[in-house]
Amino acid sequence: NRWFCPRFRPPTKDTGRVCSGPRHQGARLRSPRLSDLTLANQITLARLALIPIAALLLLVGFWGLSAAVFLVLSFSDAIDGYVARKYNQVSEIGKLLDPLADKVLVLTMLIGLTALGKADPLAVMLIAAREFIVASVRSNQIFGASQVAKWKTVFQVAAVFMLILDLPLAWLALWLAVVLSLISGG
């Protein structure tokens with residue numbers, strides 16, 4: 001790895017930051033750049049960066065635009081996964097960032113919907129608590145998503161979309177997402 005070395009030596013006046021590890025002894029270390037990331041990881045990072053825009057549109061009352069941005073961000077999850085698999089770009093950072101982006105997107109929008117009085121606070125608290133508990137139990141372990149977890153995500157996205165637009169039965173979709181969240185392990 002060109003950015004991290006467990007045998008990192010502090011910089012000297014002559015050498016700068018240098019690694020003293022056997023695999024890359026004397027190699028100069030540099031900070032990661034966006035160009036070093038795979039296309040799939042760039043899509044995921046773009047998704048993370050655009051979440052505040054969807055939330056801002058929601059909070060200022062542009063619900064249709066917020067719902068559209070939310071759907072684009074939700075569907076980009078499938079796009080980055082497809083790109084990663086098709087072009088052999090599956091990476092450890094991608095396995096970490098992709099589910100994180102999903103959770104941040106859904107929880108940000110649910111918290112915004114709760115602030116607007118459009119989502120049941122108990123349902124949002126249960127979903128958020130479940131996400132934090134699962135994340136803390138797994139800590140540094142990375143797992144693939146189970147089929148139930150994939151359906152959980154589908155219902156969470158559907159519920160958020162329906163709640164943004166005040167569609168009928170949005171509360172039912174939200175509570176189905178809660179049930180699936182509580183019974184899924186991923």
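Relative to the six-membered ring of Trp63, Lys118 meets both conditions, a distance below 6.0 Å and an angle of at most 45° to the axis.
Leu48 places a side-chain heavy atom less than 4.5 Å from the side chain of Ile51. For the pair Phe70/Val160, a side-chain contact is recorded, criterion being any heavy-atom separation below 4.5 Å from C-beta on. In this structure the side chain of Val60 reaches within 4.5 angstrom of the side chain of Leu56, judged on heavy atoms.
The main-chain N or O of Ala40 is found under 3.5 Å from a side-chain atom of Gln89 such that the two form a donor-acceptor pair. Judged purely by atom type and a 3.5 angstrom limit, Ser76 has no side-chain atom pairing as donor or acceptor with the backbone of Ile79. No donor-acceptor pair under 3.5 Å is formed between the side chain of Ser66 and the backbone N or O of Phe62. In terms of modelled atom types and a separation under 3.5 Å, the side chain of Arg130 and the main chain of Leu126 share no donor-acceptor contact. Here the side chain of Gln42 pairs a donor or acceptor atom with the backbone of Leu37 at under 3.5 angstrom. A distance-only check finds a donor-acceptor pair linking the side chain of Ser136 to the backbone of Ile133 [under 3.5 Å].
Listed by chain and residue number, Thr44, Arg47, Asp77, Asp80, Asp102 satisfy the side-chain contact (heavy atoms from CB on, under 4.5 Å) test with Asp98 (two or more places apart in sequence, or in another chain).
The CH2 atom of Trp175 sits 10.5 Å away from the OG atom of Ser181 when rounded to the nearest 0.5 Å.
For residues 172-181, the set of pairs meeting the salt bridge (charged side-chain N to carboxylate O under 4.0 Å, His left out) definition, not counting sequence neighbours, is empty.
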